[in-house]
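Since the model is a prediction, treat every value here as computed from it, not as a measurement. Because only heavy atoms are used, hydrogens play no part in the values below, and waters and symmetry mates are left out as well, while side chains stay in.
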Amino acid sequence: MSAEDENTTPTNFIRNIIQSDLDSGKHHAVQTRFPPEPNGYLHIGHAKSICLNFGVAEDFRGKCNLRFDDTNPEKEDDEYVNAIIEDVRWLNFEWDNLCYSSDYFQQLYDYAIALIKQGKAYVDSLSADEIREYRGTLTEAGKESPDRNRSIEENLDLFARMRAGEFEDGKYLLRAKIDMASPNINMRDPALYRIKKAHHQRTGDDWPIYPMYDYTHCISDAIENITHSLCTLEFEDHRPLYDWVLDQVRTDSHPQQIEFARLQLKYTITSKRKLNQLVTDKHVSGWDDPRMPTISGMRRRGYTPASVRDFCDRIGVTKKDSFIEMAVLENSVREDLNEHAVRVMGVLNPLKVTIENYPEGQVEGLTAKNHPQKEEMGTREISFSKTIYIERDDFLEDAPKKFFRLSVGREVRLRYAYYITCTDFVKDENGEVIELICRYDPETRGGSSPDGRKIKGTIHWVSAGHAVDASVNLYDRLFTHPNPAGCDDFSEHLNPESLTVLTRCKLEACLAEARTGIHYQFERTGYFVRDSETDSLTFNRTVTLRDTWAKIDKQNQ
RNA sequence: UGGGCCGUCGCCAAGCGGUAAGGCACCAGGUUUUGAUCCUGGCAUGCGCAGGUUCAAAUCCUGCCGGCCCAGCCA
């Protein structure tokens, strides 16, 4: 690795382990997998796992599978598998094989029979409540079930009948025979199979019994010859069980489970259950509401795959619980958008300006750059006329000295157009300023003066007769609390101002044909994309520009 | 008071016995027809705390302190 690469190629303890496994010859190729359960939409936390698993495979020239962990049919749905596939594709990763745990139901079942034959698993008739009682507590050992020493023949018979659908849900359970006194509760004869007469999205009504996660995951990994099985910290206690199952079962490989800390982002939540609740309780419009930390929400909001991937590279991978600041994500988004977004002008809160000395009815075309630093992005023509709109915020009746914008007697530059000086303003009956009267300097066409006088402020504008009307959605953080998930009721901390809908915004004419997926910078206000779910002309603000003035203004107050 | 794991700058994060990378944030300047971008500089005598080993410790040892996870027939 060269010195230049040090900042761009992430290094972390997992990559170090993989590198040494490759160096030592333990493995000759890397095989990972991203194993979502299709019971909800993917969020930014999953993006971290996706970038890790696919990223590692990519960088070590290995492969990564996309595997749906679909062993709980009651909560899973095809809607979710399709959304997940779309999201992974959007992030621009390519999987080796697309698999489902349900593909292995028969093998899993066969392995279970083998386990029973080895005397390592038994059918228990204890009820769920009894099992909980028998399990013991964190500080006390559990008790062995009366069925623990059922004969192998009887276990085989019972398990076969479970599979045949002879029993009602909950009547029997297949358990591993490990150690009821283990200090690790996961090892106290964990459940392997439960009876659940539920219809499965893929296997239909073939199975009245479904395997549990601990049993399924490790075997699925082994079947796919996964070399490094990366998962989050809460599964650390499950690793002994992961290894136990693979030690009992005859598989060709024994993947290594490695745990890392899940992503936590300040002022939002990354829990499928809670996100689901936001949708169900209508706090947001859906899983893809642009305020949601879901991948589909971020996509609709205008985040780019590159920015999400960059973010994941920056935050690192460790075993430490941490909370990432939103600013890191926003920085990644701004960095990518600054590079690629097309510059245009859009007035969000219009204030009419009449240029008194500009000829009535005259219209002239001015040339604007599509990107200030990138000539190759070209230019476009914009229309200028006697009546224009500027941003309300760009005029102040009583302006402080450092306010480089309009006020009576002050001169500013209209971007790419002329210098104008405010001479007067009009108020309505409520005392609200509704119009500005200005004079322009004909010598400053294009935005520079022959006398070279310095103009501190440049503001954006749009010609009244040429602008298109649009709605604009402004988004702010969804929660007012940095850790809503840690509160008793996270819904109490919803930010009432997370969405501001602006109507009749005045945008540059070219935006009438704006297409979803094209990123724009409305100069001086932020990055925007056309909303994908609305027919009328509606834009979503992806993120604001950095605003030093807002910061100064705030400090002065 | 069972087990597992974690503590390096406000937020992340390198570091793996040789004298504290980097990013975000923040602060101070410069350039600028976006108060944007960009550029320059500043920002841990210190690595949870206390002892010990060593010529040398964030790195090794011991003991504390603090935090997270586990008692679903969820994943």
Side-chain angles (χ1 to χ4, degrees), chain A residues 6-7 10-12 16 35-37 39 69 71-72 74-75 124 126-128 131-133 135-142 169-175 182-188 190-196 209-210 212-214 216-217 231-240 259 261 266 272-273 313-332 334-335 338-339 343 345 368-369 371-373 402-405 413-417 419 444 446-448 455-460 521-526 544-553:
Chain A
E6 277 174 28
N7 295 332
T11 173
N12 58 55
N16 292 343
E37 181 190 10
N39 67 343
D69 212 349
T71 58
N72 189 7
E74 288 171 332
K75 291 188 176 169
D124 200 342
L126 251 30
S127 70
I131 291 216
R132 192 178 313 121
E133 284 169 34
R135 187 152 34 223
T137 69
L138 295 177
T139 52
E140 297 164 85
D169 287 13
K171 176 80 174 158
Y172 289 107
L173 186 69
L174 182 72
R175 293 228 261 168
S182 172
N184 181 346
I185 290 180
N186 295 300
M187 299 299 271
R188 320 241 259 231
L192 263 26
Y193 267 92
R194 76 282 213 184
I195 299 173
K196 188 166 288 209
I209 56 173
Y210 290 96
M212 302 293 293
Y213 166 84
D214 286 305
T216 310
H217 205 88
C231 64
T232 44
L233 248 32
E234 68 271 25
F235 293 103
E236 219 156 12
D237 288 341
H238 295 241
R239 192 181 343 125
E259 312 82 13
K266 286 183 183 175
K272 272 196 267 187
R273 206 201 91 239
D313 283 348
R314 285 174 192 251
I315 59 176
V317 178
T318 67
K319 300 190 69 158
K320 189 170 86 172
D321 288 310
S322 58
F323 265 92
I324 310 291
E325 291 178 341
M326 269 296 180
V328 182
L329 214 205
E330 290 179 346
N331 176 263
S332 292
R334 288 194 184 108
E335 203 170 282
N338 174 54
E339 181 80 10
R343 269 61 172 176
M345 292 197 281
K369 291 179 179 173
H371 188 114
Q373 280 83 226
K402 295 255 184 178
F403 183 76
F404 308 142
R405 309 182 199 174
R413 169 165 41 233
L414 292 177
R415 177 134 239 228
Y416 299 123
Y419 290 1
T444 58
S448 58
I455 295 294
K456 270 291 212 342
T458 300
I459 65 174
H460 58 99
Q521 183 196 96
F522 290 5
E523 294 205 34
R524 303 209 309 135
T525 75
T544 61
L545 253 33
R546 267 196 199 83
D547 193 345
T548 313
W549 170 250
K551 200 155 50 183
I552 294 168
D553 200 31

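Annotation: cation-pi pair A:K456/A:F404 present, NZ/CZ under 6.0 Å from the ring centroid and within 45° of its normal.
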- [ ] If a protein heavy atom is under 4.0 Å from the base, mark B; if only from the sugar-phosphate, S; if neither, -; do that for nucleotides 67-72 of chain B going 5' to 3'.
- [x] -SBBBS

Polar atom pairs between nucleotides 8-10 of chain B and protein, under 3.5 Å, N or O only, would you list them?
unit_1	atom_1	unit_2	atom_2	d
B:U8	OP2	A:K320	NZ	2.5
B:G10	N2	A:E325	OE1	3.1

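For A:R405, the salt bridge (charged side-chain N to carboxylate O under 4.0 Å, His left out) partners two or more places apart in sequence, or in a different chain, are A:D394. For A:F522, the ring pair (Phe, Tyr, Trp, His ring centres under 6.0 Å) criterion is met by A:F528, A:F539, not counting sequence neighbours. For A:T318, the side-chain hydrogen bond (donor to acceptor under 3.5 Å, both in side chains) criterion is met by no residue, not counting sequence neighbours. A:Y416 pairs by the ring pair (Phe, Tyr, Trp, His ring centres under 6.0 Å) definition with nothing, not counting sequence neighbours. Residues passing the ring pair (Phe, Tyr, Trp, His ring centres under 6.0 Å) test with A:H371, sequence neighbours excluded: none. A search for ring pair (Phe, Tyr, Trp, His ring centres under 6.0 Å) contacts involving A:H217 returns A:Y213, not counting sequence neighbours. With sequence neighbours left out, the side-chain hydrogen bond (donor to acceptor under 3.5 Å, both in side chains) criterion links A:S322 to no other residue.
In this structure, A:F522 reaches neither bases nor backbone, as no heavy-atom distance under 4.0 Å exists between it and the strands shown. Within the nucleic acid shown, A:A327 comes within 4.0 Å of sugar-phosphate atoms alone, with no base atom in reach, counting heavy atoms only.
Judged by distance alone, with hydrogens and angles left aside, A:R546 brings no side-chain donor or acceptor close enough to the base of B:U37 to form a pair under 3.5 Å.
Remark: B:G63 base-pairs with B:C49. Criterion, Watson-Crick or G-U wobble with two distances under 3.5 Å.
Straight-line distance from the CD atom of A:E236 to the C1' atom of B:C5: 5 Å, rounded to whole Å.
With centres under 5.5 Å and a plane angle under 30° as the test, the ring of A:Y213 is not stacked against the base of B:A75.
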